[in-house]
Amino acid sequence: MPERMGKYWAMIATLGLVWGGTFPLIKVALEGITPFWLAAGRIGFAAVLLCAIWGLRGGGLFKAQTSWTPLLIIGFASTALPFMLINWGQQHVSAGFTGLSMAAIPLFVLPLAHFFVPGERMILRRVIGFMIGFVGVALLIGGKAFESSNSELELLGRIACLSAAGCYAVSSILTRRLPPVDPVGLAAILLVIGSVIILPTAWAIEGPPVMPDTHTLAIIAFLGLIPTAAANFLRVIVVREAGPTFMTLTNYQVPVWAVVIGAVFLGEALPASMLLAMALILSGLCISQWGALRRLFSRA
């Protein structure tokens with residue numbers, strides 16, 4: 001239905017915008033707090049917020065009896081593990097490489113969805129579209145993605161970022177395969193599972209938490225409220241209703257929004273290579289989702 005597809009396109013545009021500004025904030029926050037406790041604070045704050053909203057809605061979850069095992073796996077793979085991997089990895093890699101790693105999520109999702117999600121076939125048009133988009137992201141980020149950070153753990157940092165992308169891909173597939181569920185309840189319970197995992201892990205690895213300064217606390221609260229609580233709720237809706245492949249379109253938008261925000265608010269230049277990269281990304285999105293776009297703009 002065109003109206004519904006329009007809603008989903010608006011959601012992924014919002015997610016791209018929100019997540020596009022997240023990685024720089026993480027870099028700033030890591031100056032005042034250790035990586036695992038940053039993940040714990042972000043997930044914990046978001047879990048409390050969404051659980052409060054979920055409770056006001058009645059606290060329902062699945063509409064039919066089902067196993068909790070998939071939820072435990074999704075909660076681990078969509079929050080605790082990738083947050084720890086990204087936060088730790090960003091200490092040892094360039095921001096450009098982190099962005100390129102997140103753009104690789106569609107390349108992980110595409111073959112997984114082909115085998116495990118009905119209706120998500122890996123057709124040639126979709127593969128071409130995603131590859132064009134990925135080339136655009138690589139061009140947009142340029143050599144910054146492969147600049148050395150001179151860290152002794154740079155290789156492990158890169159593996160950590162790519163592993164986080166794989167976690168997001170697997171969790172998207174599993175989320176799509178869940179039975180009918182309340183989206184607020186699902187987003188809340190996944191964050192609760194993530195909190196239960198990350199809190200003892202952070203304590204065991206980094207010791208008891210140290211109270212960060214007010215500036216860092218404000219960043220953690222913002223990261224918990226917007227790119228974690230609100231964005232996870234939208235992510236659940238898109239994956240559940242539009243599919244994990246459609247959801248991956250967000251990952252190509254993240255570097256685009258980062259460039260646009262930098263140009264508009266920081267006065268950064270927009271060289272021809274960036275404009276070409278953005279054209280490739282948008283072209284790739286159009287090719288891979290041609291059917292959805294045609295339905296969106298159809299008058300039928």
Side-chain angles (χ1 to χ4, degrees), residues 15 18-19 22-23 25-26 28-30 32-62 66-91 102 160-161 163-172 174-175 178 181-212 216-240:
L15 288 170
V18 169
W19 285 334
T22 297
F23 295 125
L25 282 177
I26 291 175
V28 174
L30 285 171
I33 191 171
T34 53
F36 284 13
W37 278 116
L38 172 59
R42 178 180 171 183
I43 296 172
F45 182 88
V48 170
L49 180 63
L50 273 182
C51 280
I53 298 173
W54 182 32
L56 293 174
R57 287 167 53 92
L61 187 56
F62 288 114
T66 189
S67 171
W68 278 72
T69 302
L71 277 183
L72 295 174
I73 298 173
I74 297 169
F76 179 63
S78 67
T79 56
L81 184 56
F83 280 26
M84 288 189 288
L85 289 171
I86 290 172
N87 289 355
W88 184 85
Q90 278 202 268
Q91 299 177 112
M102 296 305 102
C161 290
S163 298
C167 288
Y168 285 130
V170 170
S171 66
S172 291
L174 293 176
T175 300
L178 289 173
V181 66
D182 174 62
V184 175
L186 179 58
I189 201 66
L190 293 179
L191 289 169
V192 169
I193 292 170
S195 298
V196 170
I197 295 171
I198 186 63
L199 286 171
T201 302
W203 195 294
I205 294 176
E206 297 177 344
V210 177
M211 179 61 69
T216 303
L217 281 175
I219 295 176
I220 294 172
F222 179 83
L223 288 172
L225 175 62
I226 305 299
T228 308
N232 265 278
F233 173 59
L234 289 183
R235 176 179 174 272
V236 165
I237 293 177
V238 174
V239 170
R240 292 286 299 161

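Computed over heavy atoms, backbone and side chain alike; hydrogens, waters and symmetry mates excluded. Please read all numbers here as calculations on a predicted model, not as lab measurements.
Panel note: side chain Q90, backbone I26; no donor-acceptor pair is recorded below 3.5 Å. A side-chain donor-acceptor contact under 3.5 Å links W37 to the backbone of G207. The main-chain N or O of L178 is found under 3.5 Å from a side-chain atom of R240 such that the two form a donor-acceptor pair.
Residues L38 and L223 meet the side-chain proximity criterion, which asks for heavy atoms closer than 4.5 Å. Residues P183 and I237 form a side-chain contact, since some pair of their non-hydrogen atoms from C-beta on lies under 4.5 Å apart. Contact of the T175 side chain with the L186 side chain is registered, since non-hydrogen atoms from C-beta on lie closer than 4.5 Å. A heavy-atom distance below 4.5 Å is found between the side chains of P209 and W203. Here the side chains of V192 and W54 are not in contact, with every heavy-atom distance at 4.5 Å or above. By the 4.5 Å heavy-atom criterion applied to side chains, C167 and L85 are counted as neighbours. Side chains of I53 and F233 form no contact here, defined as non-hydrogen atoms less than 4.5 Å apart. Considering only heavy atoms from C-beta on, F45 stays 4.5 Å or farther from T228 through its side chain.
Between S195 and G44, the shortest heavy-atom contact is OG-CA, 3.6 Å. The two residues F83 and S78 come nearest to each other via the heavy atoms CE1-O, 4.2 Å. Smallest separation of non-hydrogen atoms from I33 and P212: CD1-CG, 4.5 Å. Residues A187 and L50 share a closest heavy-atom pair of CB-CD1, 3.7 Å. Annotation for I219 and A29: closest pair CG2-CB, 3.8 Å, computed over non-hydrogen atoms. The heavy-atom pair separating L191 from A229 by the smallest distance is CD1-CA, 4.4 Å.
Of the residues listed (I197, L71, I198, L190), the one engaging F76 in a side-chain contact (heavy atoms from CB on, under 4.5 Å) is I197, and it is the only one.
Listed by first then second residue, pairs satisfying side chain to side chain donor-acceptor pair (under 3.5 Å) with a partner in residues 80-89 number zero, not counting sequence neighbours.
For the atom pair CD1 of I73 and CH2 of W68, the computed distance is 14.0 Å after rounding to the nearest 0.5 Å. Q91 contributes atom CD, which lies 6.0 Å from atom CG of L30 (distance to the nearest 0.5 angstrom). Rounding to the nearest 0.5 Å gives a distance of 9.0 Å between CG of N232 and CD1 of I43.
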